[in-house]
Amino acid sequence: MREIIDPITAQVEQVLPVEADDASLVGNSIQLYYQPFADLQSGSLAGFEACVALRQPASGMAPEAAGAMVDDDFPVLLDIDDSILTSIFQHARDWKSQGFEGVRIAISISLQQFCDPRLADKIGAALAAAELDSKSLCLQFTENHLVEHALSAEATLRRLRALGVCLVLDHFGAGFASLSYLRRYPFDAVKIDRSFIQALDADADAAATTQAIISMARSLGLCVQAAGVSTEDQCKFLLRNLCDEVQGMLFSPPLLPEQATALFQQKLALPEHLQRFSKPLRTLLLVDDEANILTALKRLLRRDGYRILQAGGGEEGLELLMENDVDVIVSDQRMPGMTGVEFLREAKKLRPDTVRIVLSGYTELQSITDAINEGAIYKFLTKPWDDEILRGHIEGAFKHKEMADENHRLHLEVQQANYEMAAANRRLEEVLNQQRQQIASDEASLDVVRNILQWMPLAVIGIDDQDLVVFANAAAQDLFGQGAAMLGDDANHLMPGVISAVNDADGERTGIAELGGSRYVVLEHAMGTASEPRGRILILTSLEGGAHGDWNDQ
């Protein structure tokens, strides 16, 4: 992966000082970049975040920092305006036409854009014009959007959500964002602020906060992203805690559009050991101050297919542990500077999931017993060793580690399934809320229509396909009701003259009926062509223009 990233970083640094040549961007001093992010489950490219920055590095910035400026939030970052949105959608359309589908584009929405009441319409029109699936777009918002525009925020977000785009709460944890935001607003994902990620290695509070954010978001059915991931240790921490996606220099620096296109063909992915549910190589660390012992052990054990690391002492062993994932450690007891037991105690602190074995020709009973009792040592073996017995003990240690790993993997799968169920429940609840809102809106509209029909000066009558009266407004009641309710009556019995007038109209939709000495035009409209109800609507208009009188059709 480094072979891909390092040349790309160099290219970004070279391009930055050059004048802009993209006519779709405003002016000649800014450049559009795409920062990739990776899926921790598969390790593959999950999408890009579009960023806009000044082409010239900020005053006083070292040239080597230019390539990382977007990733590290230098002040040269700019808002993405409507004209740049057009360029982003055009790039996405080009990638789709080249067969690179299924990759999302994330865009940070500025406060000014968020205040635009036409934002959802613009986004919808841009997606339609570029012929893009709405699911391929992620819109990122900060808590400032929610705090400064609390009254309109929910309506704006729900209109955007109705388009089908993904909504992300960005820089989560850096300000006053709380659980209430995640419950109130229809977000699909949260992105943990880079300040927490960059402090993971040295700050226990940052690690605890990050764990809490991931657990809280996943329990609500939200996807979790992490920004600013620059080391494998940070990535492994996020991997263990079921973060979904990572973004940062570990995976890739910000790329120019043409470099992002090349990335599709290169199929960039995280190393296998940084992917969830991957099965890493079985790694064995041998620690002994005698080189001939290390050589003999390596010669004996390499036939078993282990990845073998060697250290000549405790300090060197700890350095290897900081740089490598190790399953089993076999250490000598008597070594200069640090005994085997002392080394394994430190190894337990550094890598608590390793299986630790002492192999020694000296039996310092008390220190060995104490180490075993406190869990620093899994087994104590003596020199000289029997080759087959030693191989059997080490194979047993790996099986012990693999069983623990399998239990952890199953635990992660259960958690993953629970989180996916929470996400499905959240989506279902959102659909149900939308349906409730639609039903409430339809009922309100129906009440308006019913009131309009009720007080129309024309008699309006609804008849179902069994010729029963299902609706009659006030004018119809005055004309036919004679003080009794009309609903449920047989129309042929109640108004035979009217029914005959429309039935005898020779296919026409109008007829003439005489009612109480007055003549009426009867207009018939069939129901069921554009709606579920079956039947017809009759509208009666007096030809004399006089008041309706009681009518007895004999």
Side-chain angles (χ1 to χ4, degrees), residues 20 22-27 29-35 37 47-55 69-71 73-93 104-172 174-177 181-182 184-191 193-194 223 225 227 247 254 257 260:
D22 189 345
S24 64
L25 298 181
V26 179
S29 60
I30 62 175
Q31 174 63 54
L32 181 59
Y33 296 92
Y34 291 99
Q35 172 102 51
F37 50 94
F48 293 97
E49 179 181 1
C51 316
V52 177
L54 293 174
R55 278 184 172 268
M69 69 178 183
V70 178
D71 186 65
D73 271 350
F74 278 77
V76 292
L77 282 176
L78 305 174
D79 287 337
I80 294 175
D81 61 24
D82 293 345
S83 61
I84 298 175
L85 277 175
T86 303
S87 296
I88 295 172
F89 282 114
Q90 183 59 52
H91 290 146
R93 182 177 182 176
R104 290 174 284 120
I105 305 296
I107 301 172
S108 293
I109 299 298
S110 69
L111 281 172
Q112 181 178 359
Q113 288 171 315
F114 193 65
C115 296
D116 186 349
R118 299 174 299 160
L119 176 61
D121 295 334
K122 289 180 178 179
I123 294 294
L127 285 169
E131 299 178 345
L132 295 175
D133 187 340
S134 60
K135 294 180 180 179
S136 65
L137 178 64
C138 289
L139 300 179
Q140 299 182 156
F141 305 87
T142 67
E143 62 186 271
N144 289 339
H145 294 82
L146 311 179
V147 173
E148 297 185 21
H149 303 282
L151 295 178
S152 60
E154 185 169 4
T156 299
L157 291 174
R158 294 203 178 279
R159 282 197 295 270
L160 291 169
R161 190 69 184 85
L163 294 175
V165 302
C166 175
L167 303 181
V168 181
L169 184 55
D170 200 1
H171 297 293
F172 189 80
F176 300 101
Y181 287 151
L182 301 182
R184 177 180 176 184
Y185 300 110
F187 287 108
D188 299 281
V190 296
K191 182 185 282 189
D193 189 72
R194 69 184 64 246
C223 174
Q225 303 169 345
Q247 178 188 49

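Owing to the predicted nature of the structure, the values given are computational and were not obtained by experimental measurement. Index from 1, following the sequence.
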Pairs satisfying side chain to side chain donor-acceptor pair (under 3.5 Å), at least one member in residues 155-164, at least two apart
Glu154-Arg158, Arg161-Asp188, Arg161-Glu430
Centroid-centroid under 6.0 Å between Tyr34 and His91 rings:
yes
CG on Leu167 to CG on Leu137, rounded to 0.5 Å:
9.0 Å
Value rounded to 0.5 Å, distance of CZ in Arg194 from CG in Asp170:
8.5 Å
Just to verify, which of Lys191, Gln225, Gln35 counts as forming a side chain to side chain donor-acceptor pair (under 3.5 Å) with Glu49?
Lys191
Can you tell me how far OG of Ser108 sits from NE2 of His145, rounded to the nearest 0.5 angstrom?
8.0 Å
Quiz: residues 109-118 side-chain donor-acceptor pairs under 3.5 angstrom, not counting sequence neighbours:
residue	atom	partner	partner atom	Å
Ser110	OG	Gln113	N	3.2
Ser110	OG	Gln113	OE1	3.2
Gln113	OE1	Ser110	N	3.0
Gln113	NE2	Ile80	O	2.8
Gln113	NE2	Asp82	OD1	3.3
Asp116	OD1	Arg118	N	2.9
Asp116	OD2	Lys122	NZ	2.7

Leu169 and Phe172: which non-hydrogen atoms are nearest, and at how many Å?
CD2-CD1, 3.5 Å
Can you find a heavy atom in the side chain of Leu146 that is under 4.5 Å from one in the side chain of Phe141?
no
Out of curiosity, Leu85 CG to Ile107 CD1, how far, rounded to the nearest 0.5 Å?
5.0 Å
What one should report as the nearest heavy-atom pair of Ser87 and Leu32 is CB-CD2, 4.3 Å
For residues 126-135, dump all side-chain donor-acceptor pairs below 3.5 Å to protein atoms at least two apart in sequence or in another chain.
residue	atom	partner	partner atom	Å
Asp133	OD1	Lys135	N	3.0
Ser134	OG	Leu163	O	2.9

So, for Leu160 and Ala120, which heavy atoms are closest and what is the spacing to 0.1 Å?
CD2-CA, 3.6 Å
